[in-house]
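In what follows, a structure is listed as structure tokens, so that the remarks can point back to it.
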Amino acid sequence: MLLRPPLPLPVAVSSTPPLFSRLAAVRRRSSIAATGMAGVSAASPAAAQIGSFLSKKPYAPPSWASHLALAPPHTFSLGHFPTPIHKWNLPNLPEGTEVWIKRDDLSGMQLSGNKVRKLEFLLSDAVAQGADCVITVGGIQSNHCRATTVAAKYLNLDCYLILRTSKLLVDEDPGLVGNLLVERLLGAHIDLVSKEEYGKIGSVALADLLKKRLLEEGRKPYVIPVGGSNSLGTWGYIEAVRELEQQIQLSGDVQFDDIVVACGSGGTIAGLALGSKLSSLKAKVHAFSVCDDPEYFYDYVQGLIDGLQSGLDSHDIVSIQNAKGLGYAMNTAEELKFVKDIATATGIVLDPVYSGKGAYAMLKDMAANPSKWNGRKVLFVHTGGLLGLYDKVDQMSSLAGSWRRMDLEESVPRKDGTGKMF
């Protein structure tokens with residue numbers, strides 16, 4: 001059996017007290033609070049810890065989402081939840097505005113960020129259907145593809161990845177940088193396609209082609225869409241809203257007016273927006289799209305929530321703004337400097353593809369429209385993706401901190417003791 005690490009307590013970046021200063025005492029009184037999952041009980045705190053990670057568990061939706069379609073009967077416990085929330089002391093905020101950050105980058109599973117929440121539902125469905133492998137699609141440094149590879153291996157499933165790269169590199173070894181290192185260490189089967197081929201054929205047809213070939217080989221593949229963003233995957237962030245509701249209830253004195261998150265495939269914002277609308281949260285959800293355009297995502301989110309038979313209009317539950325800049329996974333020097341400056345100032349490392357662009361666009365909007373944000377409590381959801389920074393090393397080398405050779409005095413005497421290595 002695997003031992004699930006203790007749930008992390010939130011730690012503030014500054015002297016501001018953590019949001020959940022009473023959380024430890026509450027955990028001692030409640031095994032449900034310890035798991036962070038309403039509707040999942042345990043005989044004792046010890047029983048909730050040992051063996052719960054990677055386990056199959058029954059799933060019951062939040063009461064406010066019980067009318068939605070496609071609620072799965074089971075999930076797999078793949079992440080470390082609840083993820084902490086703390087004050088984020090960003091510079092140059094509008095008067096009276098507070099920004100807090102929910103650390104879904106700490107959800108575990110090799111830095112998987114928001115992907116693990118969707119995969120808990122999607123891989124449960126894959127196992128229920130008798131799959132022996134999964135197929136998914138993404139960019140050459142896809143966080144989702146890396147997270148899917150890890151989660152699949154946890155559950156003894158093979159993983160097949162279709163990765164999009166440039167025409168110049170499609171016939172070359174993709175290397176071992178960032179997400180690719182994890183995927184290849186875990187034995188993922190990787191098929192490369194050029195951006196032109198991807199644009200012509202599309203992710204759905206590419207996955208179907210690979211699925212057909214695997215079926216002919218006698219395999220039982222299960223296809224997970226780009227980003228894990230389908231109606232079933234949307235339950236991951238509906239459930240995250242329940243988690244957030246419980247954390248707010250435990251805090252007793254904090255309410256959020258706005259939730260801000262980067263958007264790359266649509267599933268995260270669909271779950272957050274739908275959950276916030278239906279639950280007691282009622283926070284306004286702002287999404288900053290890092291690819292495509294807002295109208296595309298309004299339509300895509302509409303399809304996801306229609307699949308759940310929500311009866312709602314995407315335009316009424318989420319505000320989507322363009323933050324793609326030069327394009328998906330492409331950064332300006334100013335954006336990368338922003339990532340570096342925020343890390344230096346607050347200790348929070350943002351990824352360059354998603355949360356980096358999302359936070360950059362949020363602060364630009366706050367500067368341009370201060371009255372829109374003045375006096376509001378804002379929760380920014382950090383969706384992870386740290387490994388994506390490794391693909392930007394060349395661009396960020398001039399921004400990194402300095403170093404020097406230690407200046408030693410000639411007569412420094414040697415002292416034996418701890419730390420002696422030779």
Is there a donor-acceptor pair under 3.5 Å between the side chain of [X] and the backbone N or O of [Y]?
X      : Y      : value
Asn322 : Lys324 : yes
Ser289 : Gln321 : yes
Ser310 : Asp306 : no
Glu120 : Gly79  : yes
Asn331 : Glu335 : no
Gln309 : His67  : no
Thr97  : Leu93  : no
Ser276 : Ala273 : no

Can you list everything that forms a ring-ring contact (aromatic ring centres under 6.0 Å, His included) with [X]? Sequence neighbours excluded, please.
X      : answer
Phe338 : Tyr360
Tyr160 : His189
Phe380 : Trp88

Tightest non-hydrogen contact, residues Arg117 and Phe121, listed as O-CD1, 3.4 Å
Compare every heavy atom of Glu239 with every heavy atom of Pro62, then report the nearest pair and how far apart it is.
CD-OE1, 4.2 Å
Could you tell me which residues satisfy side-chain hydrogen bond (donor to acceptor under 3.5 Å, both in side chains) with [X], sequence neighbours excluded, listed by chain and number?
X      : result
Ser229 : Lys118, Ser265
Thr136 : His144
Glu217 : none
Glu183 : none

Is it true that, when you exclude [X] itself, more than 12 heavy atoms of the residues, nucleotides or ligands shown sit nearer than 6.0 Å to its [atom1]?
X      : atom1 : value
Asp173 : CG    : yes
Lys212 : NZ    : no
Glu334 : CD    : no
Lys392 : NZ    : yes
Tyr298 : OH    : yes
Lys372 : NZ    : yes
Lys284 : NZ    : no

N-O pairing of Asp316 and Lys277 below 4.0 Å
no
Just wondering, do Pro91 and Ile342 contact through their side chains at under 4.5 Å, heavy atoms?
yes
Is the shortest heavy-atom distance from the side chain of Val223 to the side chain of Val134 under 4.5 Å?
no
Sequence neighbours excluded, which residues qualify as side chain to side chain contact (heavy atoms under 4.5 Å, CB included) partners of [X]?
X      : result
Asp257 : Arg376, Lys377
Val204 : Asp208
Ala151 : Leu78, Met109, Leu119, Leu123
Lys337 : Asp341, Leu399

What do the steps show when you test Leu387 against Leu181 for side chain to side chain contact (heavy atoms under 4.5 Å, CB included), and what is the final call?
CA-CA 10 Å; Leu387 289 175; Leu181 175 61; over 6 Å; no
Kindly say whether the aromatic ring centers of His74 and Tyr59 come within a distance under 6.0 Å.
no
Show the atom names and distances, to 0.1 Å, of all donor-acceptor pairs under 3.5 Å that link a side chain in residues 230-238 to residues at least two apart or in another chain.
from, atom 1, to, atom 2, distance (Å)
Asn230, OD1, Leu232, N, 3.3
Asn230, OD1, Gly233, N, 2.8
Ser231, OG, Leu304, O, 2.9
Thr234, OG1, Asn230, O, 2.9
Trp235, NE1, Ala69, O, 3.4
Trp235, NE1, Leu70, O, 3.3
Tyr237, OH, Asp104, OD2, 2.5

Full working for salt bridge (Lys or Arg N to Asp or Glu O under 4.0 Å) between Glu196 and Arg164
CA-CA 9 Å; Glu196 291 77 11; Arg164 181 183 66 249; over 6 Å; no
